[in-house]
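Residue numbers start at 1 and run along the sequence shown.
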Amino acid sequence: MSLPVKGTGRVSIAGLIAPRPGTPQARPRLIYRMRAHRGRTGERRGFCEADYAALFDAAHQQLAGPIVVVWDKLNTHTSAEMRRLIAARPWLTVFYLPAHAPELNPVEAVWAHMKKSLANLAIRTVDQLIALVKNRLKRMQYRPARLTGFLAKTGLDFRPP
């Protein structure tokens, strides 16, 4: 997801919700990374494959277990470089969502909820936007019931077969 700030840059965010199947008492976690773009010429505007790999590495370290990612088919997610990075991580399994199915992606609900909370705020700089986004995401991290709701809204069954 990318949030623009008029004339000064943009903030890109990538995240995942990590439920622990089979353990009802364990709360789901929201893990995310942000990247600020301050309008420099030639600077990549979104996350690259290495940024996603770093997010997965951090999640793997934090969760201390294998990770299954259910992802949309963004070109960065399906590139040859990303396939190579995924193959180098035996603890990472990736499945792809069908095209045009954001309702199956619980992280889309996170972004929608966060954007709604930012709707009527006057933000003048990228640093202000970063501070507000971090604040909103931190609030969601401490509300596992909300994250559980975002997971439930997809209708997907996260229990192991």
Side-chain angles (χ1 to χ4, degrees), residues 1-6 8-38 45-72 74 76-77 82 85-86 89 91-97 101-161:
M1 180 191 68
S2 189
L3 299 168
V5 178
K6 186 174 182 182
T8 59
R10 106 181 8 248
V11 175
S12 295
I13 310 165
L16 55 92
I17 296 178
R20 287 243 169 126
T23 52
Q25 71 277 12
R27 64 184 208 182
R29 295 185 188 186
L30 173 63
I31 302 169
Y32 65 92
R33 293 292 180 268
M34 286 196 297
R35 196 173 160 193
H37 316 279
R38 301 191 192 285
R45 293 177 64 153
F47 272 68
C48 67
E49 291 86 345
D51 296 323
Y52 288 114
L55 171 64
F56 294 144
D57 291 341
H60 176 63
Q61 184 176 7
Q62 185 176 346
L63 299 168
I67 297 175
V68 176
V69 174
V70 181
W71 230 354
D72 60 19
L74 182 69
T76 310
H77 299 172
M82 193 73 243
L85 290 167
I86 291 167
R89 291 161 174 78
W91 44 264
L92 179 62
T93 303
V94 176
F95 295 100
Y96 291 97
L97 291 167
E103 70 279 0
L104 297 177
N105 185 347
V107 178
E108 292 294 338
V110 170
W111 303 147
H113 185 78
M114 184 193 59
K115 285 180 180 180
K116 187 176 180 182
S117 76
L118 299 172
N120 293 317
L121 300 175
I123 300 168
R124 298 185 187 272
T125 68
V126 171
D127 292 329
Q128 286 178 335
L129 179 59
I130 289 170
L132 282 168
V133 167
K134 282 183 179 180
N135 175 276
R136 297 311 194 264
L137 292 174
K138 183 67 75 179
R139 284 184 192 177
M140 275 191 257
Q141 285 178 318
Y142 289 104
R143 289 178 175 80
R146 179 166 290 150
L147 297 175
T148 300
F150 294 153
L151 289 165
K153 185 179 175 184
T154 67
L156 300 174
D157 185 1
F158 291 95
R159 292 174 298 179

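Leu118 contributes atom CG, which lies 7.0 Å from atom CG of Leu129 (distance to the nearest 0.5 angstrom). We find the NZ-CZ distance between Lys116 and Arg136 to be 13.0 Å, quoted to the nearest 0.5 Å. Atoms CG and NE2, on Leu137 and His113 in that order, are 10.0 Å from each other to the nearest 0.5 Å. To the nearest 0.5 Å, atoms CG (Leu132) and CE (Met114) are separated by 10.0 Å. Atoms CZ and CG, on Arg35 and Asp51 in that order, are 4.5 Å from each other to the nearest 0.5 Å. Rounding to the nearest 0.5 Å gives a distance of 11.5 Å between CG of Leu147 and CZ of Arg29.
Residues Ala36 and Val126 come closest through the heavy atom pair CB-CG1, 3.7 Å. Taking all atoms of both residues into account, the shortest heavy-atom contact from Val110 to Met140 is O-CE, 3.7 Å. Between Pro19 and Ile17, the shortest heavy-atom contact is CD-O, 3.2 Å. Here the closest heavy-atom approach between residue Pro28 and residue Pro144 is recorded as CG-O, 3.8 Å. Between Met82 and Ala53 the shortest heavy-atom distance is CE-N, 4.4 Å. When every heavy atom of Trp111 is checked against every heavy atom of Ile13, the shortest pair comes out as CH2-CG2, 3.3 Å.
Listed by chain and residue number, Arg139, Arg146 satisfy the side-chain contact (heavy atoms from CB on, under 4.5 Å) test with Arg143 (two or more places apart in sequence, or in another chain). Partners of Arg89 according to the salt bridge (Lys or Arg N to Asp or Glu O under 4.0 Å) rule, which considers only residues two or more places apart in sequence or in another chain, are Asp57. The side-chain contact (heavy atoms from CB on, under 4.5 Å) check on Ala101 picks up Pro98, Glu103, Leu104, with sequence neighbours excluded. Residues forming a side-chain hydrogen bond (donor to acceptor under 3.5 Å, both in side chains) with Thr93 (at least two apart in sequence, or on another chain): none. Residues passing the side-chain contact (heavy atoms from CB on, under 4.5 Å) test with Gln128 are Ile123, Arg124, Thr125, sequence neighbours excluded.
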Check residues 62-72 and write down every donor-acceptor pair under 3.5 Å in which the side-chain atom is one partner and the other belongs to a residue at least two apart or another chain.
{"from": "Trp71", "atom 1": "NE1", "to": "His77", "atom 2": "ND1", "distance (Å)": "3.3"}
{"from": "Trp71", "atom 1": "NE1", "to": "His77", "atom 2": "NE2", "distance (Å)": "3.3"}
{"from": "Asp72", "atom 1": "OD1", "to": "Leu74", "atom 2": "N", "distance (Å)": "3.4"}
{"from": "Asp72", "atom 1": "OD1", "to": "His77", "atom 2": "ND1", "distance (Å)": "2.7"}

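Leu16 places a side-chain heavy atom less than 4.5 Å from the side chain of Phe56. Using a 4.5 Å heavy-atom cutoff, the side chains of Thr76 and Phe47 are not in contact. Between Asn105 and Phe150, the closest side-chain pair of non-hydrogen atoms is not below 4.5 Å.
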